Protein chains: 2
Amino acid sequence: MPPRMIDVAKRADVALSTVSYALNGTRPVSASTRRRIMRAMEELGYRPNALARGLASKRTRILALLFPTPERGLGVTEMEFVTGAADAAREHGYHLMLAPSELRDIHELEHLTGQGLIDGALVMEVRLDDERVDLLGQAGLPFSMIGRTSDPGTISYADIDFEQTTRDAIAHLMELGHRCVGFLNHSPSALSVGYGPTVRAAEGFRRAASDAGIAHIERPCGDNAAAGKAAFHELRASSPELTALVVMNERAVIGVMNALDEISWRVPDDFSIVSIVSSTRVTEMMRPQLTTLEPPSTELGRLGVQILLDQLERPHDEPLPPTQKLLPCRLVVGASSGPPPAR
Amino acid sequence: MPPRMIDVAKRADVALSTVSYALNGTRPVSASTRRRIMRAMEELGYRPNALARGLASKRTRILALLFPTPERGLGVTEMEFVTGAADAAREHGYHLMLAPSELRDIHELEHLTGQGLIDGALVMEVRLDDERVDLLGQAGLPFSMIGRTSDPGTISYADIDFEQTTRDAIAHLMELGHRCVGFLNHSPSALSVGYGPTVRAAEGFRRAASDAGIAHIERPCGDNAAAGKAAFHELRASSPELTALVVMNERAVIGVMNALDEISWRVPDDFSIVSIVSSTRVTEMMRPQLTTLEPPSTELGRLGVQILLDQLERPHDEPLPPTQKLLPCRLVVGASSGPPPAR
DNA sequence: TTGTAAGCGTTATCAA
DNA sequence: TTGATAACGCTTACAA
């Protein structure tokens, strides 16, 4: 029912193929015929059929976004990955398809790649050792990651610079005078499955603390308020000299605040808190507003797509050096960090 | 390079079409040939090409999710719409494509619908009067809404029951003894562009208050803490008898809490707050934890897809009564609502 | 129950 | 600079 290319061709009085060439610029077309063709297209309200085009050209201009949906649901940061990626894709004339892939059903991934529906994939929530990445590699499907495996090799990625982020958090606290800073991480299970951010933040903190010449006290912590509260109490019992905490756990940090309340410590007078890799959308909701190292989530989403498209649109014979980028978090000073108490 | 249907046919020693019929169940195939075909498919690792299938059958099994990205970004609730929709789509063997559509670029929508790429669309963030909805209607593309226009007619939708939600909020507060309850809504601009939830919540609150025989005091409010704070002070100045506030504005509610702090009022002893249509993911982060009417976001996303698929998979000759569903929010009692003070 | 063949709407090769 | 026409990989009448 919608006009086809042949209809345009007839109306412009040219061959079908000429319309195709005019449309794609794959071959020179004289200015006058091009004009006629364009007019015909306008008049008919012609839109090229994406399926037919994809079938014939073997390029669909569709990208897949692989995102697992963890038990707890996704947060603001993840939403920003998605919108950033979707925006970037659109700007480049691509579509973004959502592929909710649990790590378990690798079959769905095979299904997806085998369908010939997508030109490439963007992988979110990457683990240090990630089957999906292996599979995509085997499938020969171009892809990039938001995050990275332990050994990315020649795979392109955009990730947060956790080394820098933990360093910045410690530096901020040391400038304020703190000399004993703890680190509250994500859950033990995130750590044990090798979730990238969890592992790298721990390593980064360790190194940064050691470089700064301060003791490093760290703990994983369940992703909920109760766990955060318990963790704080334990941390304080075992390390009473602690004057500040770097927290990479949005759900637990509230528990820490509650624990402080319980012992009538005020933030930041008696204790300082810096939340890392958490959106200000969230930390603004807390009182006092948390000092935060905010991840460039939207930017990471955009970058992930750009990196992928670089691969896709590079001529196949050229060498393709992977693009691997680490972006820093931005320090947003709130009201949860101040000089240590004179105890 | 990947195996095609003809390869399967040859290996199973049947005609190409028989493979197709076996695959789709469009026509009876004897058990034995079907077995041979299945085996051949397995052995070859055959995956049907989605593009070719779509081109020939005029059905792609791809759904579009239309979501505008407002200035402030999307929140947890919106993310849940997305994951719910994506999950439901996958369960039914469909793909979900993200179409970040600003209201302005109606052209992109035309582009999308004209491409023959999608079977139907799911529209998010619907306004009372929404061009996108009009356009989809004209384009003849099946679609459903999460939310609804002022006059949905025969368009299928799943939306929050704002009437019920505001009623529940007021009922909760009245049970506690409150007799003068105010309502803090979204921004004036959301109201003026006719954003569905904003308008309906206001209407719902008005009716519920009137039915309950209490005064209704309401105000729109900018989506940020400063505006929330100012709004509270103004509200209190003009209506000093207020003992509680129903708030449908996640970003402003923190400002209200700050304002209460300023005048040394404690929550809930001196003043109660009920946050409506906001995720517990967010209200759990606040101290005291807010009493909330939590929207069934994931469910709405799922339902939106199901409703759409009902339309799509119904035989075209049958009459198709639209499915229009309103879902209630769930009351989660936190620590921000209690009996009114004995002033 | 199975086979044959005509599309589906493009791209891209080969000629002119 | 342009035109025919063979793929692309499948669905679906129409025949047998």
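Only a predicted model underlies this, so the values are computations on that prediction, with no experimental measurement involved. Proteins come first, then strands; the chains are lettered A, B, ... in the order of their sequence lines, and each starts at number 1.
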- prompt: When we call it a touch if two heavy atoms are under 4.0 Å apart, what does A/Ser30 touch: a base, just sugar-phosphate, or nothing?
  reply: sugar-phosphate
_Mind checking if A/Leu16 touches a base, just sugar-phosphate, or nothing, with heavy atoms under 4.0 Å?_
base
Whole-Å distance, A/Leu55 CG to C/dA12 C1', equals 13 Å
Out of D/dC10, D/dA13, D/dT2, minimum distance to the side chain of B/Tyr21 belongs to D/dA13
note: A/Arg4, atom CZ; C/dC8, atom C1'; distance rounded to Å ~ 10 Å
Against the side chain of A/Thr26, the closest entry in C/dA12, C/dT2, D/dT1 is C/dA12
Of A/Met1 and B/Ser17, the one whose closest nucleotide on DNA chain C sits nearer the 5' end is B/Ser17
**Asked** Are any of A/Thr18's side-chain N or O atoms less than 4.0 Å away from OP1 or OP2 of D/dT1?
**Response** no
Separation of D/dG9 atom C1' from A/Gln115 atom CD, nearest Å, is 13 Å
#### Entry: Below 4.0 Å: OP1/OP2 of C/dT11 and any side-chain N or O of A/Ser20
yes
Open item on the list: Between A/Lys10 and A/Asp7, does any NZ, NE, NH1 or NH2 come within less than 4.0 Å of an OD or OE carboxylate oxygen?
Closed with: no
Taken to the nearest whole Å, CD1/B/Ile6 to P/D/dA7 is 14 Å
From CE of B/Met5 across to P of D/dC10 the rounded distance in Å is 5 Å
Per atom distances to the A/Ala15 side chain, the nearest of D/dG3, C/dT10, D/dT2 is D/dG3
Here the distance between atom P of D/dC8 and atom CZ of B/Arg53, to the nearest Å, is 19 Å
Can a side-chain donor-acceptor contact be found between A/Ser20 and A/Ser17 if the only test is distance below 3.5 angstrom?
no
Judged by nearest nucleotide, the residue sitting upstream toward the 5' end of DNA chain D, B/Ser57 or A/Ala52, is A/Ala52
Fill in: Donor on one side chain, acceptor on other, A/His95 and B/Gln115, under 3.5 Å
yes
| With a 3.5 Å cut-off and no angle check, do the side chains of A/Ser156 and A/Gln324 form a donor-acceptor pair? | no
Can A/Asp130 and A/Arg132 be counted as an ion pair, charged N to O under 4.0 angstrom?
yes
Here the distance between atom P of D/dT1 and atom CZ of A/Arg27, to the nearest Å, is 10 Å
To the nearest angstrom, the NZ-C1' distance between A/Lys58 and D/dA6 comes to 14 Å
Check your understanding: Does A/Asn49 place a side-chain N or O at less than 4.0 Å from the phosphate oxygens OP1/OP2 of C/dC8?
Key -> no
